[in-house]
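Report on the structure given below.
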Amino acid sequence: MSANNPIRITDVSPRDGLQAESAIIETATKAKLAMLVQQTGVAEVEVSSFVSPKWIPQLGDAAAVFDLLAPTKPEDVIYSALVPNERGLDAAIVVNQKARQDHGIERLIDKVSVFTAASEGFSLKNTNATIEETLARFEPVVAKAHEHGLMVRGYVSCIVQCPFDGVINPESVGDVMTRLLAMEIDEIDLGDTIGAATPETLEPVVMEAIDRLDGESTNSFGDPTLTLHLHDTFGHAVECVQLALELGVRSFDSAAGGLGGCPYASTDGNRVAGNISTPALVQAIRDAGLTTNIDDDALIKASKFAAGLIG
Ligand code: HMG
Ligand code: MG
């Protein structure tokens with residue numbers, strides 16, 4: 001990708017932002033958040049997760065949220081959803097079939113995201129499975145998603161530090177990436193799940209990731225193969241974006257209103273903070289002399305609405 005192309009942004013607020021909220025948020029309110037976010041100029045909205053409602057009850061209405069969004073989806077925005085296993089993928093496929101029938105939409109959900117970690121402790125806590133077991137689950141998911149014309153993102157969480165296993169070796173991140181790339185996954189998303197990264201600790205991870213991509217900086221859809229997903233727990237996310245931009249990363253996740261956090265990354269008395277907020281990300285990109293497609297007024301509107309949801 002040319003240095004002058006706009007930086008790709010995925011807003012994860014309807015998924016990462018709402019998954020940890022103790023308040024019950026109405027389905028229509030979630031859809032409203034996604035509708036506001038999709039007008040901000042982001043390339044992608046991570047709308048929800050098809051995970052076990054026993055694990056994440058907050059997102060148990062994923063299909064209903066997509067149903068409300070179907071008539072509103074802009075042509076140039078990608079919708080994505082997390083799927084931990086084949087059952088989740090099947091639920092996404094059913095949503096797409098319904099949208100085709102009801103609204104004549106070829107594909108409502110364009111991308112599914114599988115998720116694993118560079119640390120065993122987090123993998124077990126988040127998915128009740130070892131890293132190896134998650135990867136085995138993903139093999140049929142990636143193949144079937146591709147058969148249905150869906151792109152696949154592969155998250156690797158805890159790229160710098162794990163709340164259970166401590167400091168993570170960049171090579172462990174690279175090893176998981178290599179396994180995901182061998183499945184022909186379309187995009188790797190590196191998650192600093194607990195916001196522990198600093199530019200110093202992030203640099204070797206990003207260098208390792210670039211190395212594992214072996215020159216493949218864009219995928220067959222023309223999008224960056226590498227995305228960075230930063231949480232802002234300790235206020236270092238903006239510095240990390242600056243460093244990542246210098247290293248050539250061209251795709252980032254963020255959340256309107258800075259919502260977010262993985263409930264399975266929190267420890268007793270220490271709830272993880274939100275994703276980097278989209279305004280902070282956009283500012284960091286502009287400060288680096290690069291551009292985005294973000295419309296500031298629409299972003300302010302979405303961010304205010306998002307912030308209002310968590311009080
Ligand atoms: P399990 O309990 O080991 O597996 O969960 P199970 O097969 O026994 O399933 C438990 C129940 O869920 C069963 O129901 C299944 O049928 C059902 P029951 O028979 O007891 O009535 N089930 C499902 N229901 C709906 N959709 C599904 C599904 N699969 C099983 N897809 C499992 C294993 C993976 C399902 C569970 O651990 C899970 O859903 N985990 C999701 C956790 C999660 O969503 N975490 C947050 C996202 S990750 C994150 O936030 C990090 C990220 O932001 C990046 C970063 O910051 O680093 C992405
Ligand atoms: Mg996250």
Side-chain angles (χ1 to χ4, degrees), residues 1 5-17 30-31 33-51 59 61-115 138 140-155 180-181 183-189 218-227 229 250-256 278 292-294 302:
M1 180 183 266
N5 283 346
I7 301 298
R8 190 174 195 282
I9 299 179
T10 298
D11 191 306
V12 298
S13 59
R15 192 281 303 174
D16 205 341
K30 293 173 183 172
L33 172 63
M35 284 176 207
L36 288 171
V37 157
Q38 73 195 9
Q39 287 161 12
T40 62
V42 294
E44 177 172 340
V45 182
E46 193 171 78
V47 173
S48 193
S49 298
F50 294 99
V51 295
L59 301 184
D61 57 355
V65 175
F66 276 111
D67 207 29
L68 290 177
L69 286 175
T72 79
K73 187 187 182 196
E75 265 182 22
D76 56 351
V77 174
I78 280 178
Y79 281 170
S80 57
L82 262 57
V83 300
N85 51 21
E86 213 171 336
R87 174 149 174 204
L89 172 63
D90 288 344
I93 291 169
V94 168
V95 164
N96 275 356
Q97 283 164 346
K98 184 166 187 302
R100 206 167 298 135
Q101 267 169 21
D102 295 355
H103 303 281
I105 299 172
E106 173 56 22
R107 222 177 348 264
L108 180 61
I109 301 172
D110 306 279
K111 185 190 276 187
V112 290
S113 302
V114 293
F115 50 102
F138 298 164
V141 173
V142 177
K144 191 168 177 180
H146 283 159
E147 277 166 32
H148 284 260
L150 298 169
M151 295 179 247
V152 187
R153 161 184 274 199
Y155 276 106
L180 292 170
L181 291 169
M183 293 177 207
E184 301 195 345
I185 218 148
D186 304 292
E187 176 193 2
I188 298 287
D189 195 338
T218 50
N219 60 28
S220 56
F221 302 94
D223 291 332
T225 6
L226 185 64
T227 294
H229 176 103
R250 291 292 176 265
S251 172
F252 294 86
D253 294 344
S254 62
T278 311
T292 70
N293 284 328
I294 295 294

Measuring from atom [atom1] of [X] to atom [atom2] of [Y], what distance do you get when rounded to the nearest 0.5 angstrom?
| X | Y | atom1 | atom2 | answer |
| --- | --- | --- | --- | --- |
| Phe50 | Asn85 | CZ | CG | 12.0 Å |
| Arg153 | Asp253 | CZ | CG | 4.0 Å |
| Leu226 | Ile188 | CG | CD1 | 8.0 Å |
| Leu69 | Leu108 | CG | CG | 7.0 Å |
| Arg15 | Leu59 | CZ | CG | 8.0 Å |
| Ile109 | Arg107 | CD1 | CZ | 11.0 Å |

Is there side-chain contact between [X] and [Y], with heavy atoms separated by less than 4.5 Å?
| X | Y | result |
| --- | --- | --- |
| Asn293 | Asp76 | no |
| Arg250 | Asn5 | no |
| Asp61 | Lys30 | yes |
| Ser113 | Asp189 | no |
| His229 | Val12 | yes |
| Asp90 | Lys144 | yes |
| Ile185 | Val114 | yes |
| Thr278 | Val37 | no |

Determine the minimum heavy-atom distance between [X] and [Y], stating which atoms define it.
| X | Y | answer |
| --- | --- | --- |
| Ser80 | Phe66 | O-CZ, 3.9 Å |
| Ala70 | Ile105 | O-CD1, 3.2 Å |
| Phe138 | Pro84 | CE2-O, 3.8 Å |
| Val65 | Val47 | CG1-CG1, 3.8 Å |
| Val152 | Ala145 | CG2-CB, 3.6 Å |
| Asp11 | Ala256 | OD2-N, 3.0 Å |

For [Y], is there any backbone N or O sitting under 3.5 Å from a side-chain donor or acceptor partner on [X]?
| X | Y | result |
| --- | --- | --- |
| Ser251 | Thr227 | no |
| Thr292 | Ile294 | yes |
| Asp110 | Tyr79 | yes |
| Lys98 | Asp67 | no |
| Glu44 | Lys111 | no |
| Arg100 | Glu106 | yes |

ring-ring contact (aromatic ring centres under 6.0 Å, His included) filter on Phe115, not counting sequence neighbours, yields none
